[in-house]
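What follows is one structure encoded as structure tokens, with my remarks underneath.
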Protein chains: 2
Amino acid sequence: MRRMSAGEPRNNRIQRAVVQLILDRGLGPGAPLPTEAELMEDLGVSRNSVREALKALQALDIVEIRHGYGTYVGQASLTPLVDGLTFRTLTRHADDPGALAEILQVREVLEEGLIRRVATTVTEAELDRLEAVVTRMELAGRAGRPFPELDHQFHELLYVSLGNALVPQLLGAFWTVFRRVAGARGWTADPAPDVTVRRHRDIVTALRARDAAGAQQAMAVHFRGIEARAVRGSWGVG
Amino acid sequence: MRRMSAGEPRNNRIQRAVVQLILDRGLGPGAPLPTEAELMEDLGVSRNSVREALKALQALDIVEIRHGYGTYVGQASLTPLVDGLTFRTLTRHADDPGALAEILQVREVLEEGLIRRVATTVTEAELDRLEAVVTRMELAGRAGRPFPELDHQFHELLYVSLGNALVPQLLGAFWTVFRRVAGARGWTADPAPDVTVRRHRDIVTALRARDAAGAQQAMAVHFRGIEARAVRGSWGVG
DNA sequence: CGCAGGACGTAGGACGTCGTATCTCCTCAC
DNA sequence: GTGAGGAGATACGACGTCCTACGTCCTGCG
């Protein structure tokens, strides 16, 4: 933790002022902010300074800038986390699987813990939708097409019953980082689609039986598969 | 996921170019970057554009700007996540405990899952250090002083044996967000220090016995306490 | 009445200038 | 010879102004 949003430098002051403005006025995502001209007048700074501050806030997805239209309150998504983690993983240990393994472990712990809770909250309708996704995976697999998007969708759908908006975003962020780094490393192999399909189906089956321990176990097995793939990929054996 | 690091706009192009430069040259945290003047020449853009791009990357802790000295590769910490989550929590549901509860649930799931693994990896030396922290908590509690920093330290120390650098940073981020939002809400109450101390000690005791299930249970109890505190605080009953 | 084109507002980008912080290295006193 | 202090170089911080690109909305023509 360095400074940020607690800084004495001029520019950070502007950032905090904009954030404070949003908070004070109770603005929600998508609400319009004052124009750059208004901000430079209200804060008594130049337009360049305003723009630099807005750019920084844009990088944090706290504001959204639309060219020729205006500045708006952002979605405060986890995009910054994705960018930061991707960079971090790519830059540290350039060809060491360790950095990716760390992300994978966090995902694993999260999903294994969450799936237990899901077993008691998931609805039959959601299970049907999950089943449908798995079926589509199966079709894609038989057609020889990879299905990263379906995989993502599955894991996102899995946790809606928790009513926790942060969970799918966080998992989505880790998923995206993993995918991006894997892509940058070249090993895009999505091997053995039938195995992947089966493991996803096992999870749905356990959930349908309201078997928390079984679901957790199925999820653990699923992650063993991903881990094996990652390690193999980094070693260039696959 | 919006755009960011995949954009066609001029400025994002500059950001990506800087990141690419770091990646290509294999620069690590603390390594010096070209000066703004060099960047504006290499990329064929104005200094303002360079500065806006660097400001954005600074917000992501991908670069670090030192006034009068130069620009350096940043630590790629989770500071952006802290800022983003704090903003998100403060802006959405302004006086609803739900947003904080989401963060708490993620922390809970993470720590409960991690503590099981720790039970098999933690060393005696680490347990001694944890014990020492708890003792200091006890002393602070008896003196009537709150000990948020010791609490943080305890949870950070807990997971070093996993060898996963991401875990403590992630938990630290959630912890900081929680604390900051709680502070902004006014309910700084840290009630019943003796109970908190006992719960921490229970965790250490279970770990010392290599009792994974017991440690997880102790952690769960610990979080029940935090949750109760949070809800009470937001209702203004405490 | 409908739609195409232009006026207007707003952000994107560039250039030049001055201010300020930090480091380096030289000088001078001891 | 050594170390403290200051001059200068280097690099970021901030400002003002201009022009361009983009979107919206209104107006006027068909």
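Letters go in sequence order (proteins before strands), and every chain restarts at 1.
Between A/Asp83 and A/Arg180 there is a salt bridge, since at least one side-chain N of the basic residue sits less than 4.0 Å from a carboxylate O of the acidic one. Between B/Arg117 and A/Glu108, at least one side-chain nitrogen of the basic residue sits less than 4.0 Å from a carboxylate oxygen of the acidic one, meeting the salt-bridge criterion. At a threshold of 4.0 Å, the pair B/Arg92-B/Glu102 does not count as salt-bridged, since none of the basic side-chain nitrogens sits closer than that to a carboxylate oxygen.
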Distances for protein N/O vs nucleotides 17-22 of chain D N/O pairs under 3.5 angstrom?
residue: D/dA21; atom: N3; partner: A/His67; partner atom: NE2; Å: 3.2

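Taking atom CG on B/Leu54 and atom C1' on D/dA14, their separation rounds to 16 Å, with Å as the unit. In this structure, the CG atom of B/Leu43 is 13 Å from the P atom of C/dG13, given to the nearest Å. The interatomic distance linking B/Glu52 (CD) with D/dC12 (P) rounds to 16 Å, in whole Å. Look at CZ on B/Arg66: it is 12 Å from C1' on D/dA11, rounded to the nearest Å. One interatomic measurement links the two molecules: CZ of A/Arg13 to P of D/dG13, which rounds to 15 Å at whole-angstrom precision. When the C1' atom of D/dA11 is taken as reference, atom CD of B/Glu64 falls 15 Å away, rounded to whole Å.
With axes fitted over five pairs at each extremity, the angle between the ends of the helix from C/dC1-D/dG30 to C/dC30-D/dG1 is 0° (10° resolution).
Taking the ring axis of A/Phe147 as reference, the NZ or CZ atom of A/Arg136 does not stay both within 45° of it and closer than 6.0 Å to the ring centre.
Classification of the B/Trp175-B/His152 ring pair by plane angle, with boundaries at 30° and 60°, yields parallel. Aromatic ring orientation, A/His155 versus A/Phe223: perpendicular (interplanar angle above 60°, classes split at 30° and 60°).
Dashed line: the shortest gap from a side-chain N or O of A/Thr71 to OP1 or OP2 of C/dT10 is not under 4.0 Å. Contact annotation: B/Ser46 side-chain N/O to C/dG13 OP1/OP2 distance is not under 4.0 Å.
The minimum heavy-atom distance linking B/Val122 with B/Glu126 is given by the pair CG2-OE1, 3.3 Å. In this structure, B/Gly141 and B/Pro193 approach most closely via the heavy-atom pair CA-CB, 4.0 Å. Minimum heavy-atom separation, B/Glu38 to B/Thr35: OE1-N, 2.9 Å. In plain terms, the two heavy atoms of B/Leu43 and B/Ala17 that are nearest each other are CD2-CB, 3.8 Å.
Scanning residues 22-39 of chain B for heavy-atom distances under 4.0 Å to DNA chain C yields an empty list.
Of the candidate nucleotides D/dC12, C/dA14, C/dA11, C/dA11 has the atom nearest to the side chain of A/Arg51.
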For this session: Applying side chain to side chain donor-acceptor pair (under 3.5 Å), run through A/Gln75 and A/Asp61 and close with a yes or a no.
Result: CA-CA 6 Å; A/Gln75 302 296 322; A/Asp61 202 15; over 6 Å; no

